[in-house]
Amino acid sequence: MPLTLRELTADELPASWALGRMAFGGPAEAPARALRVVPGMTRLGAFDERGTLVGKVVDVAHEQWWGGRRVVAADVSGVAVRPETRGGGVARQLLTELLVRARERGAAVSALYPTVSAVYRSLGWEVAGSLGATELDTAALPRTRAVDGLTVRPGEPDELPLVTELYERVARQRQGLLTRRGGHFDEAPDTPLPEGVDALSLVFDGDLLVGALVFGRGTGYGVESKLDVHHLLATTPDAARALVGVLAGWTTVTRAVRVPLLAGDVFSTVLPLERASAGSATAWMHRPVDVVRAVADRGWPAHVTGRVSFRLRDDVAPWNAGDWELEVADGAATLRRAATEPDLWLDVRGFAVLYCAATGGRALGQTGLAGGSGDPAALDLLACGPRAELLDYF
């Protein structure tokens, strides 16, 4: 079926919302944010010969933290296709066009949350991590006495920018987390607090915010009641203990608390994670948009030095394909065309999971995403550094 692919106009956003609602459900009336033009956000539509919108996809235009440096991302959201045209390659054409446009605007990497992984795998994305949360019995949480020098108090909506700055101090030390700057993050909110957020608790060391708890109260006060934590952030153990003490204070009216966690963060050293009663995880996928940028724009571990060559397979983004030499030194890296034929090969999906440090070269070789006559452990150079994580759903 011949399709016309182009960016949606403001007048076409209601039709885009209706198509998304058909795919994912939701209210009949579109929220105001869905009908706004957001700077940097690209909404692509696929139109049939009658001019009917039959598919859509959104390039959310985030930035991600990698080794303390901002990396431009083309994070994908809102992929929807009319049921009459599913299976006809509409999503494939839209996502291929998104990658071309994303590279033109300077994007280096891409992440998405799949409803079905097969279509995205066929286009070069691969599962590299999960967005997780842990549920704990509030009665099991340790209570903490007041800590000298720290002030714990309720927060106000106009202090949310301070929470973003605190998040940045935490996130920039890790891999893959969004910067929460630019695009829709800079939009004026429709309400004083974000959707689903009822209140915030803040911890100050003098004038410096060192801890923040942002939560939704939920309903009821019986066995079914649950506190839903949106953000739990701290930069010191004392601030973490203080906020866990605040959570423990909810034990009389909320039996459980659901908290997002980062691997090995300060809260992981305070919370009784062995008492977790449940958990949840939503897989996310990653892909390089432009492998040269993906390597050059991020920070790398300063203590790592090495060089490895490989042939990269990427049928969807041909600018990534070919023979490459990766060199890492002094906290930076370069990817150059290899002068000789490599003895290792790597699928673009394998590049994604190595880049996110989700596996090593030898394990990847068992998946069929890497191989060759050389030792695939040499590809561990691409995986050096902490494992990538996400705290935001999009």
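Taking the centre and axis of the six-membered ring of Trp17, the NZ or CZ atom of Arg21 falls outside the cone set by 45° and 6.0 Å. Geometrically, Arg287 engages Trp125 in a cation-pi contact, judged by NZ or CZ lying under 6.0 Å from the ring centre and within 45° of the ring axis. Within the cation-pi definition used here (under 6.0 Å to the ring centroid, within 45° of the axis), Arg337 qualifies as a partner of Trp324.
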- [ ] Check step by step if salt bridge (Lys or Arg N to Asp or Glu O under 4.0 Å) holds for Glu12 and Arg6.
- [x] CA-CA 11 Å; Glu12 292 166 332; Arg6 60 171 174 81; 2.5 Å; yes
Open item on the list: Test side-chain contact (heavy atoms from CB on, under 4.5 Å) on Leu150 and Val210; report intermediate values, then the result.
Closed with: CA-CA 9 Å; Leu150 294 185; Val210 292; 4.2 Å; yes
Open item on the list: With salt bridge (Lys or Arg N to Asp or Glu O under 4.0 Å) as the criterion, how do Arg181 and Glu168 come out once you've worked through the C-alpha distance, each side chain's angles and the decisive distance to 0.1 Å?
Closed with: CA-CA 9 Å; Arg181 304 280 188 178; Glu168 190 168 88; 3.1 Å; yes
Open item on the list: Pair Thr282, Trp284 - check side-chain contact (heavy atoms from CB on, under 4.5 Å), show working.
Closed with: CA-CA 7 Å; Thr282 303; Trp284 52 264; over 6 Å; no
- [ ] Could you go through the side-chain contact (heavy atoms from CB on, under 4.5 Å) check for Leu123 and Arg92 one step at a time?
- [x] CA-CA 7 Å; Leu123 290 161; Arg92 184 177 186 86; 3.5 Å; yes
- [ ] Could you give me the CA-CA distance, side-chain angles and deciding distance for Glu135 and Arg258, then say whether salt bridge (Lys or Arg N to Asp or Glu O under 4.0 Å) is met?
- [x] CA-CA 4 Å; Glu135 190 169 307; Arg258 181 181 178 275; 5.9 Å; no
TODO: Evaluate the criterion side-chain contact (heavy atoms from CB on, under 4.5 Å) for residue pair Glu325 and Leu335; output intermediate values, then yes/no.
DONE: CA-CA 6 Å; Glu325 181 183 78; Leu335 194 64; over 6 Å; no
Open item on the list: For His231 and Tyr167: C-alpha separation, side-chain torsions, deciding distance, then whether ring pair (Phe, Tyr, Trp, His ring centres under 6.0 Å) applies.
Closed with: CA-CA 9 Å; His231 308 305; Tyr167 164 82; 7.3 Å; no
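Counted within 6.0 Å of CD on Glu159, heavy atoms from surrounding residues, nucleotides or ligands total more than 12; the atom is thus considered enclosed. For Asp330, the CG atom counts as loosely surrounded, since its 6.0 Å shell holds 12 or fewer non-hydrogen atoms of other residues, nucleotides or ligands. The neighbour count for Tyr221 OH, taken as heavy atoms of other residues, nucleotides or ligands under 6.0 Å away, does not exceed 12. When the shell of 6.0 Å around CD of Glu84 is examined, it contains more than 12 heavy atoms from other residues, nucleotides or ligands. Heavy-atom neighbours of Arg33 CZ from other residues, nucleotides or ligands within 6.0 Å: at or below the threshold of 12. Heavy atoms from other residues, nucleotides or ligands lying under 6.0 Å from CG of Asp137 number more than 12.
Once rounded to the nearest 0.5 Å, the distance linking CG of Leu233 with OG1 of Thr164 reads 9.5 Å. Summarising the geometry, atom CZ belonging to Arg103 is positioned 15.0 Å from atom OG belonging to Ser110; distances are rounded to the nearest 0.5 Å. Rounding to the nearest 0.5 angstrom, the gap separating the CZ atom in Arg241 from the CG atom in Leu141 is 14.5 Å. Distance check, rounded to the nearest 0.5 Å: CG of Asp48 to CG of Leu3 gives 7.5 Å. To the nearest 0.5 Å, the span separating CG on Leu344 from CG on Leu312 amounts to 12.5 Å. Rounding to the nearest 0.5 Å places NZ of Lys226 at 14.0 Å from CZ of Arg255.
Val292 is not connected to Val289 by any chain of hydrophobic side-chain contacts under 4.5 Å among Ile, Leu, Val, Met, Phe, Trp and Tyr, and they are in different clusters.
Residues Arg70 and Glu63 have side chains in contact (heavy-atom distance under 4.5 Å, counting atoms from C-beta outward). Side chains of Arg349 and Leu364 form no contact here, defined as non-hydrogen atoms less than 4.5 Å apart. Contact annotation: the side chain of Leu262 approaches that of Leu177 to within less than 4.5 Å [non-hydrogen atoms, C-beta and beyond]. By the 4.5 Å heavy-atom criterion applied to side chains, Leu200 and Glu156 are not counted as neighbours. Counting heavy atoms from C-beta on, the side chains of Leu346 and Leu379 come closer than 4.5 Å. Using a 4.5 Å heavy-atom threshold, the side chains of Pro142 and Pro272 count as touching.
A salt bridge is defined here as a Lys NZ or Arg NE, NH1 or NH2 lying under 4.0 Å from an Asp or Glu carboxylate O, and Arg101 with Glu97 meets this definition. Between Glu126 and Arg121 there is a salt bridge, since at least one side-chain N of the basic residue sits less than 4.0 Å from a carboxylate O of the acidic one. Using a cut-off of 4.0 Å between Lys/Arg side-chain N and Asp/Glu carboxylate O, Asp347 and Arg311 are scored as not salt-bridged. Asp375 has a carboxylate O that lies under 4.0 Å from a charged side-chain N of Arg362, or vice versa, which qualifies the two as a salt bridge. The pair Asp59-Arg105 counts as a salt bridge, with a side-chain nitrogen and a carboxylate oxygen less than 4.0 angstrom apart.
Using cut-offs of 30° and 60° on the angle between ring planes, the pair Tyr393 and Tyr113 is tilted. In this structure, Trp250 and Phe215 have perpendicular ring planes: the angle between them is above 60°, well past the 30° mark. The aromatic rings of Tyr355 and Phe351 lie parallel to each other, their planes meeting at an angle below 30°, with 60° marking the opposite boundary.
Counting only distance, with no hydrogens or angles, the side chain of Ser277 and the backbone of Leu136 share no donor-acceptor pair below 3.5 Å. A donor-acceptor pair is defined here as one N or O able to donate and one able to accept, closer than 3.5 Å; no such pair exists between the side chain of Arg153 and the backbone of Val203. One N or O on the side chain of Asp198 and one on the backbone of Arg217 form a donor-acceptor pair closer than 3.5 Å. For the pair Thr251 (side chain) and Ala248 (backbone), a donor-acceptor distance under 3.5 Å is absent. When atom types are taken as modelled, the side chain of Asp205 and the backbone of Leu208 share no donor-acceptor pair closer than 3.5 angstrom. A donor-acceptor distance shorter than 3.5 angstrom exists from the side chain of Gln175 to the backbone of Gly67, with no hydrogens or angles considered. Proximity of a side-chain donor or acceptor of Arg307 to a complementary backbone N or O of Leu326 within less than 3.5 Å is not detected. For Ser130 (side chain) and Gly132 (main-chain N/O), no donor-acceptor pair under 3.5 Å exists by modelled atom type.
Under the rule for a ring-ring contact (aromatic ring centres under 6.0 Å, His included), Phe310 has no partner lying at least two apart in sequence or in another chain.
Side-chain atoms of Thr334 and Arg336 form a donor-acceptor pair, as typed in the model, at a separation below 3.5 Å. Neither side chain, Thr96 nor Gln93, offers a donor N or O lying under 3.5 Å from an acceptor on the other.
Closest of all the heavy-atom pairs between Gly385 and Ala357 is O-CB, 3.6 Å. Across every non-hydrogen atom of Met41 and Val60, the tightest pair is CE-CG1, 4.2 Å. Residues Val152 and Ala242 come closest through the heavy atom pair CG2-CB, 4.0 Å.
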